[in-house]
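A short worksheet on the structure shown next.
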Amino acid sequence: MERAQYFSAQAGRTIDVPRRVKSRFAIGDVVKHRVFDFRGVIFDIDPVFANSDEWYEAIPEDIRPDRNQPFYHLLAESDDSDYVAYVSQQNLVTDSVSGPVSHPDVHQYFEQFENGRYRMRVSLTH
């Protein structure tokens, strides 16, 4: 399989990835975590794990996800806070029926919530 590389500022290193990766979710999809009680809207996707090794090692080994799958950046919300989350594909499920996400930054990225998902602002697309 052909491979590609890109530099991840978040990871502080070059990331080696397959040229083709199949993601289950898309930017604008509303999802929730399988295990933890939070949900959010996807605003970016990494084809494989592209965060720091320290971040990855901080996850307890018995629940640590495989690095070789898409990871999603979410504008996340829980009952008591709003934040940015970084979650593996295996830990997400669709949550479009629960309505829009109330994260305060949603409108910086997205225009409107329609048919269970957000549409990205035209000014941010290419």
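FYI, side chains are in, hydrogens and waters are out, and symmetry mates aren't considered; it's all heavy atoms of this structure.
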**Study point:** Arg3 side chain reached by Pro18 side chain, heavy atoms, under 4.5 Å
**Key:** yes
Value for CG (Asn91) from CZ (Arg34), rounded to nearest 0.5 Å, stands at 7.5 Å
Task: Under 3.5 Å: donor-acceptor pair, side chain of Arg64, backbone of Ile59 - done: yes
**Prompt:** Do Ser78 and Phe36 come close enough that some side-chain heavy atom pair is under 4.5 Å?
**Reply:** no
Close side-chain approach of Phe71 and Pro65, heavy atoms under 4.5 Å:
yes
Note: Gln89 and Arg24 closest approach over all heavy atoms is OE1-N, 2.7 Å
- Is Ile63 close to Val35 at the side-chain level, that is, under 4.5 Å between some pair of heavy atoms? no
Sorted by chain and number, sequence neighbours left out, ring pair (Phe, Tyr, Trp, His ring centres under 6.0 Å) with Phe43 holds for His73, Tyr109
**Prompt:** Would you say Asp66 has more than 12 foreign heavy atoms packed within less than 6.0 Å of its CG?
**Reply:** yes
Next on the checklist: Tell me whether Tyr86 contacts the main-chain N or O of Ala50 through its side chain, where contact means a donor paired with an acceptor under 3.5 Å.
Outcome noted: yes
Show the numbers, then the answer: is there a side-chain contact (heavy atoms from CB on, under 4.5 Å) between Arg13 and Ile15?
CA-CA 6 Å; Arg13 61 185 163 78; Ile15 305 295; 2.9 Å; yes
_With a 3.5 Å distance limit and no angle check, can you tell me whether Arg121 reaches the backbone of His107 through a side-chain donor-acceptor pair?_
yes
query: Side-chain contact, heavy-atom cut-off 4.5 Å: Val101 with Arg39?
result: yes
- Should we say atom CG of Asp62 is surrounded by more than 12 heavy atoms from elsewhere, each under 6.0 Å from it? yes
### salt bridge (Lys or Arg N to Asp or Glu O under 4.0 Å) evaluation trace for Asp53 with Arg67
CA-CA 10 Å; Asp53 289 332; Arg67 290 175 178 250; 3.1 Å; yes
For Phe113 and Gly99, the nearest pair of non-hydrogen atoms, with its separation, is CZ-C, 3.6 Å
Pairwise side-chain contact, Val30 with Tyr118, heavy-atom cut-off 4.5 Å (strictly under): yes
| query | Do Leu74 and Phe38 have side chains that get closer than 4.5 Å, going by heavy atoms? | reply | yes
What one should report as the nearest heavy-atom pair of Asn68 and Val48 is CA-CG1, 4.2 Å
With a 4.5 Å cut-off on side-chain heavy atoms, are Leu75 and Asp82 touching? no
dist Ser8:OG -> Gln10:CD (nearest 0.5 Å) comes out at 5.5 Å
**Asked** Same cluster or not: are Tyr56 and Leu92 linked, directly or through other Ile, Leu, Val, Met, Phe, Trp or Tyr residues, by side-chain heavy atoms under 4.5 angstrom apart?
**Response** yes
Correct closest heavy-atom pair for Val87 and His33 would be CG1-CD2, 3.6 Å
- Looking only at atom types and distance, does a side-chain atom of Arg117 sit under 3.5 Å from a main-chain N or O of Val41, one as donor and one as acceptor? no
Checklist line | Asp16, CG atom: more than 12 neighbouring heavy atoms under 6.0 Å | finding: yes
In short, Pro70 meets Val21 closest at the heavy-atom pair CG-CG1, 3.7 Å
When you compare the side chains of Glu77 and Ser102, does any donor N or O come within less than 3.5 Å of an acceptor on the partner? yes
Query - Under 3.5 Å donor-acceptor, Asp29 side chain and Ala26 backbone - result: yes
